Amino acid sequence: MSEYLNQLNDSQREAVTTLEGPVMVIAGPGSGKTRVLTYRIAHLLNSGVAPWNVLALTFTNKAAREMKERIVDIAGSRSNSLWMGTFHSVFARILRRESDKIGYPSDFTIYDTEDSKSVLNEIIKEMKLDKNTYNVNGVRARISAAKTQLISPEQYAKDERIRSRDQMSRRPYIHVIYERYVKRCERAGAMDFDDLLYKFYYLLRDNPEGVKEKYQAQFQYILVDEFQDTNFLQYAILKMLSRYPESKQNVCIVGDDAQSIYAFRGADISNILDFQSEYQDVKVIKLEQNYRSTIHIVNSANHLISYNKKQIKKKIWTDKTEGPKVKILRALTDTEEAKRVAGLIQEYRNRHYIEYKEMAILYRTNAQSRAFEEHLRKANIPYKIFGGLSFFQRKEVKDLLAYLRLVVNENDSEALKRSINYPRRGIGKTSLDKMLDYANKNEISTWRALTELQLPPRTTSSIKEFVQIIRHLQGMAKESNAYQVALEASKLSGLEKLLKQDTSIEGVNRLQNMYALLDGIKEFVEADEIGEGGEVANKSLSSYLQNVALMTDLDQANNEDDYVTLMTIHSAKGLEFEAIFVVGMEENIFPSFMTLNDPSQIDEERRLFYVAVTRSKRLLTLSHAKSRYQYGQIRYNDPSRFLEELPEEHIDAPTPKVKVIGEAPGKGYNTYDASPKGRVSGHFNRSPRSSARPSPKIDTSNFRPSPSDKIAKGQQVLHLKFGKGKVLSVDGSRDKRVATIRFEDVGGEPKRLMLKFAKLQIV
DNA sequence: TCCGCATGCTTTTTT
DNA sequence: AGCATGCGGA
């Protein structure tokens, strides 16, 4: 029964079995975090807790799905009644159920980012504001940030600091836009992603009919995964749900502050840093053993992350001492970088029998994938790029969904705008603008405007036709299932016909995508699942749409095909590979130029690098190019500062070949000198002259490093790579101690070595 | 209404 | 370079 407990180490077991009270699990990379979470939930069930009393929140659907599958394996089908999902999906479900209490229809629409932006554009245009100053993305970000800070439009308008900040960026009218935006969403019966949290918070806070106590009583055990990525609002909800601070709370948060990489979208790292002071008697459990990576990777990661000040103390370690060092690859151009990475991939596969699917190329920005794509294709290496448009964001998919959305919620203004004249039926921009204008003047929904407004006879008859299509489908939705309605919509709307006319490759693809959507709906209808809390899952069109709106990630990954993975570092979080290539290790790229003058953003970039490095089990290659095409021009970037933050003893830096008599000076990357602006110190910028020296002769078999705490000023020491040297000084404290050592055989400045990592033998 | 060209702007991304 | 957006002309 509790066989699973034996599969855990001591701290893991403690995290799994400490069921009562607040628990904070700091889970280093590869430390078995998912295992702990799943076993903990299984353990709760085995300890007699009812599944519907457990709430487990994740950030992605994928994470929730995978965890659920694993729990079902251990604890059986009752796990289906757990409340488990993303913050958004769980709260959307509750909001739907309690919709009458917040004045929303239960079939409310969820606006995705595109919808939100479209609403905002409409407002900005109508207010005749300059769309460059009031750039939609910026405005949306401000509004989203406001909601995340629980600032209503009224508060926003009153808040001096916020207003003066907008004033400074010459956008004094954002508060007006915000107010109108909220009104418009309400009129459309729509919530954006932030609203799912925002409105849920206010539902609890305003507590109509005691809903707050209802859900507090319901969710007796709460778990939150990836807690370092929660924002202020999510934390506020968590505190409210867990009855904080009135009583004892059974909250278990799991995360790693060192892997917090989503501050740019509101994640607040202080949530995890301050958790201990927010809750009382928090049991802190650290999972510090890394089962994933070799010592070279673990120590490199530890070393680089030590450059970040704000951190929860932990010591990640591994017992895997075998393995190659971290490789640094230096290329002249981006093309050469890609070529050589492709070459290494071939070599790993042919000589070391590593499968393609065990290798990944990680980059900072999606745009970097191009060169690699090209060269992988040339080298006949199968690959798959992740990221970019998801299935549900494709135009043809959204087009059909717009009809379905309108069927479920006719007030959905964005769906109406999208579908009314696509396929074309002669309702042009002018007519649409009139409708929107009328709707906004009279504060009614666009749909109502369309039925009330007098327009030229021709337009009127087109509108009538359109209304009839929607009405017909609405009638159908009452008796038929979601699939039947969707199929009918694809025909009646004329979308299928339109797509069939396009016989180009992309056109055929689009049609296939629409069919794939229909298939997906069919699958949804036929699947017989039990939903959260043990309810029989709702198969209506409306519930399908709700699902789909939050279901952006369709995981295309499968285990059958053998291909190299290409993705951004962000999307690699949580994954692991035998071999990792982190490419574009250059200033301006990684760290991104956007972050260069903000130390806290540099810290986030560093955490991102930490995530990248720790994805690797054994092989890690970091590459940079001296020049590359960027924004249509050749740019020269210095090697990333992060490369200098790696411990030398775990690195294989590219040093020019040792000169053989008679051989011409090396060519290609081996002649690459530090660029003129290059930094002075650091292993990879060493001048060719000094690094070309023969390495100091040390008898490695007799080398016995002394304990780092014994190293002191004035000692003569030996280092495997640098040879004999004298300790000039030691500064810093505890595991941050750094020794300054002058090595006899290595010219130039004395070296500064982190004692925690440097292997030195006292002579 | 629609198409085509000019212009401008480039991080990361989940829900 | 590539993409999205916007404006102007047919």
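Because the structure is a prediction, the values reported are computed rather than measured. Reminder, nothing fancy here: chain letters follow the sequence lines and each chain counts from 1.
Applying the 4.0 Å criterion to OP1 and OP2 of dT14(B), one finds that N61(A) has every side-chain N and O outside that range. Phosphate contact (OP1/OP2 of dT13(B), side-chain N/O of T568(A), threshold under 4.0 Å): present.
Here the options are R628(A), R364(A), K626(A), the test is salt bridge (charged side-chain N to carboxylate O under 4.0 Å, His left out), and the partner is E586(A); only R628(A) passes.
Aromatic rings from Y235(A) and F227(A) are positioned such that their centres are separated by under 6.0 Å. For an aromatic pair to be called close, the ring centres must be under 6.0 Å apart, and F264(A) with Y262(A) satisfies this.
By the 6.0 Å and 45° rule, K395(A) stacks over the aromatic ring of Y422(A).
We find that NZ of K62(A) is positioned 14 Å from P of dT13(B), with the value rounded to whole Å. In this structure, the OH atom of Y262(A) is 5 Å from the C1' atom of dT13(B), given to the nearest Å. Put simply, NZ on K147(A) is 20 Å from P on dT14(B), counting in whole angstrom units. Going from atom CG of L197(A) over to atom P of dT15(B) covers 13 Å, rounded to whole Å. In this structure, the CG atom of N547(A) is 13 Å from the P atom of dT15(B), given to the nearest Å. Computed from coordinates, the L57(A) CG to dT15(B) P distance equals 14 Å when rounded to whole Å. Between the CG atom of L432(A) and the P atom of dC2(B) there is a distance of 13 Å, rounded to whole Å. Summarising the geometry, the separation between CZ on F609(A) and C1' on dT12(B) is reported as 16 Å, rounded to the nearest angstrom.
Comparing N421(A) and L608(A) by the nucleotide of DNA chain B whose heavy atom lies nearest to each, the residue mapping closer to the 5' end is N421(A). Between I569(A) and G426(A), the one whose closest nucleotide on DNA chain B sits nearer the 5' end is G426(A).
Using a cutoff of 4.0 Å between basic side-chain nitrogens and carboxylate oxygens, D256(A) and K33(A) are not scored as salt-bridged. Ion pairing of R405(A) with D115(A) is present here, as a side-chain N (NZ or NE/NH1/NH2) and a carboxylate O approach within less than 4.0 Å. With salt bridges taken as basic N to acidic carboxylate O contacts below 4.0 Å, one links R606(A) and D603(A).
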Can you name the atoms? Protein N/O to nucleotides 7-11 of chain B N/O, anything below 3.5 Å, with the distance.
residue : atom : partner : partner atom : Å
dT11(B) : O2   : R364(A) : NH1          : 3.0
dT11(B) : O2   : R364(A) : NH2          : 2.9

For a side-chain contact (heavy atoms from CB on, under 4.5 Å) check, start with the C-alpha distance between I569(A) and I261(A), then their side-chain angles and the critical distance, and finish with the verdict.
CA-CA 10 Å; I569(A) 303 168; I261(A) 54 174; 5.8 Å; no

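Of the candidates dT15(B), dT12(B), dT1(B), dT1(B) carries the atom nearest the R424(A) side chain, counting heavy atoms from C-beta on. Of the candidates dT1(B), dT12(B), dT14(B), the closest approach to any side-chain atom of T60(A) belongs to dT14(B).
With no hydrogens or angles considered, a side-chain donor-acceptor pair links S116(A) and Y181(A) at under 3.5 Å.
Bracketed by its first and final contacts, the part of DNA chain C lying under 4.0 Å from non-hydrogen atoms of chain A reaches from dA1(C) to dC7(C) in 5' to 3' order.
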